[in-house]
**Student:** 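Structure in structure tokens, see below.
Order of the sequence lines sets the chain letters (A, B, ...), proteins ahead of strands, with each chain counted from 1. Source: prediction; values computed, not measured.
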There are 2 protein chains.
Amino acid sequence: MDETASLKFDSNTKSCAQCPIKKRAVCAHCEMDELAQLEEIKSYKTYAPGEMIIWTGDDMSFVGSVVTGVATLSQTMEDGRRQMVGLLLPSDFVGRPGRKKAVFDVEAATEVTLCRFKRVPFETLLAKLPHLSARMLEMSLDELDAAREWMLVLGRKNAREKIASFLSIIARREAELHKEPLRDGSEFDIKLTREAMADYLGLTLETVSRQINALKKDGVIALQSKRHVQIVDFARLMMETGDDDDGGMVI
Amino acid sequence: MDETASLKFDSNTKSCAQCPIKKRAVCAHCEMDELAQLEEIKSYKTYAPGEMIIWTGDDMSFVGSVVTGVATLSQTMEDGRRQMVGLLLPSDFVGRPGRKKAVFDVEAATEVTLCRFKRVPFETLLAKLPHLSARMLEMSLDELDAAREWMLVLGRKNAREKIASFLSIIARREAELHKEPLRDGSEFDIKLTREAMADYLGLTLETVSRQINALKKDGVIALQSKRHVQIVDFARLMMETGDDDDGGMVI
DNA sequence: TTGCCACTTTGATCTGGGTCAAATAGCCTT
DNA sequence: AAGGCTATTTGACCCAGATCAAAGTGGCAA
């Protein structure tokens, strides 16, 4: 939570292509002022894999969004049971305007670079800039849909369906990120341990391992390595999710 | 989805206390114009218990909010498995600005009165009225938190903890609604069937029945009737949820 | 290149909650 | 007050996934 940021990007440059907030919030007919105002309260910080970005209960000094890497959003019960409630990929928002204390843990799964805005000034800007709040609303409604889709996975799907759902979501976002089509043969890294996957899916790590290897044995996926997946039969993977069509999933 | 509304409230009156959108969105220093503009696109409609308010895939001609009654927001898999993803109580928002087709079912659990706004004009207003979009953002962030809290319940809690969590949430919202304190002896109606509870909790109706009666046998709750619960020992009920403190739960 | 350590797989067993089946309890209607 | 609903409870059994245990794998530090 300190400000000893290792700046990977120059926060003074006018042309910060990497910052999703700006990219999304600032449109052609905005005043240049707005850009400059966001610029002033912005900084970048990079976190090491496994590092806690935010602990539940922390004072929220900033909000921001993921520029590179993967972070997890999760809750832990006092007896250690953990549930991931969000997977934060590049362009995803971190924190919540108006919230002083964090209610979830945020942890870097890989090396993560965050584009951060000081919370209070950001809230002030939010009140002044209609485009920014419109974009925030759109983003939070998308997240809400994604969370609700995930509730179906958690509440009603069996282990195999959960794994298939997880893989198809990761594959989809990965493809989207690299602007590549998603098809048979597409491959990608799972940036999470089996345990983190289990925490996302409401399973144990042993069950995750068994089901991944079952999907491999059945020729739905291939494993280049333990964390590198190739989708052999995409249509089949979609069937295995238990969803009616390929459309549903948001995240 | 038709407009054959049975108007319980006069949509022409200037003093519609029941409409949560207005109550929340319109503040003292807003122009009177804004009120009038919302007024113009507003109507009320009442739905019978069990009636579908929105089917997944329907064209969304309106957004709005619950004035009275309880509605459920849910997804159904083609094999019939169902997961409730939200419980809509008075003041809760229905629909999503910018969304043309519904992605969830909305069903009246009791008789429900909705305050509805035609979607497209509402979106136009949203772009013009900063207070309205700020309120919408706040509401959707609250819902997002609630959905994420519920993911912990679905993914990591056992049946008894799920039931305790459900009862404590209902009790809390009921108390809040009637502006009464929540304490030992508080009582309320569960407005859902055992099956609807099961769909909310990711359980079967038999398990819901067994666990409710187990909590009764253990003196945590008492049942005045099958749907009317008295909380005998509130602190104990909170323990049974498995949460560390009484604070967490949103919805 | 060896050894360590964290991650992953695999096996054996157990159990919470699902499934199937039947009985019971409230209800509106007539 | 009898019949016919639907909602709920209760019982018996079973199985998917948890748990416990052990072995395998691979990356990297010295």
**Student:** Please tell me which of A/Arg156 and A/Leu192 maps to the more 5' nucleotide of DNA chain C, matching each residue to the nucleotide holding its nearest heavy atom.
**Tutor:**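 Nearer the 5' end of the strand: A/Leu192.
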**Student:** Provide the closest heavy-atom pair for A/Leu205 versus A/Ala198 in the form atom of the first, atom of the second, distance.
**Tutor:** N-CB, 3.6 Å
**Student:** Which part of the nucleic acid, if any, lies within contact of A/Gly202, taking any heavy atom under 4.0 Å across all strands shown: a base, the sugar-phosphate backbone alone, or nothing?
**Tutor:** sugar-phosphate
**Student:** Show, in sequence, the C-alpha distance, side-chain angles and deciding distance for B/Arg156 and A/Asp199, and conclude whether the side chain to side chain contact (heavy atoms under 4.5 Å, CB included) test is met.
**Tutor:** CA-CA 9 Å; B/Arg156 291 304 187 193; A/Asp199 287 341; 3.1 Å; yes
**Student:** Does A/Asn213 have a side-chain nitrogen or oxygen under 4.0 Å from the phosphate oxygens OP1 or OP2 of C/dT9?
**Tutor:**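 So the side-chain polar atoms of A/Asn213 do come within 4.0 Å of the phosphate oxygens OP1 or OP2 of C/dT9, strictly under.
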**Student:** Applying salt bridge (charged side-chain N to carboxylate O under 4.0 Å, His left out), name anything that partners B/Asp233, two or more places apart in sequence or on another chain.
**Tutor:**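 Scan of B/Asp233 (salt bridge (charged side-chain N to carboxylate O under 4.0 Å, His left out), adjacent residues dropped) gives none.
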**Student:** OP1 or OP2 of C/dC7 versus the side-chain N and O atoms of A/Thr193: is any pair under 4.0 Å?
**Tutor:**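 Negative; the distance criterion is not met.
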**Student:** Are B/Ser209 and D/dT8 close enough that a side-chain N or O sits under 4.0 Å from OP1 or OP2?
**Tutor:**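 For D/dT8, neither OP1 nor OP2 has a side-chain N or O of B/Ser209 closer than 4.0 Å.
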**Student:** D/dA18 phosphate, OP1 or OP2: any side-chain N/O from A/Thr204 under 4.0 angstrom?
**Tutor:** yes
**Student:** Which angle, rounded to 10°, do you find between the first-five-pair axis and the last-five-pair axis of the helix from C/dT1-D/dA30 to C/dT30-D/dA1?
**Tutor:** 40°
**Student:** With salt bridge (charged side-chain N to carboxylate O under 4.0 Å, His left out) as the rule and sequence neighbours excluded, what pairs involving residues 181-198 of chain A come up?
**Tutor:** A/Glu174-A/Lys191
**Student:** Before accepting this row, confirm whether a basic side-chain N of the pair A/Glu240/A/Lys157 lies closer than 4.0 Å to the acidic partner's carboxylate O.
**Tutor:** no
**Student:** Identify every side-chain donor-acceptor pair in residues 208-216 of chain B under 3.5 Å, counting partners at least two apart or on other chains, and give the distances.
**Tutor:**
none

**Student:** Backbone N or O of A/Leu203 within a donor-acceptor pair of the A/Thr207 side chain at under 3.5 Å?
**Tutor:** no
**Student:** Please enumerate all protein N or O atoms sitting under 3.5 Å from an N or O of nucleotides 20-29 of chain D, with distances to 0.1 Å.
**Tutor:**
from	atom 1	to	atom 2	distance (Å)
D/dC20	N4	A/Glu206	OE2	3.1

**Student:** Sequence neighbours left out, what passes side-chain contact (heavy atoms from CB on, under 4.5 Å) with B/Glu51? Give chain and number order.
**Tutor:** B/Tyr47, B/Ala48
**Student:** Is A/Arg227 close enough to C/dT8 that one of its side-chain N or O atoms is under 4.0 Å from OP1 or OP2 there?
**Tutor:** yes
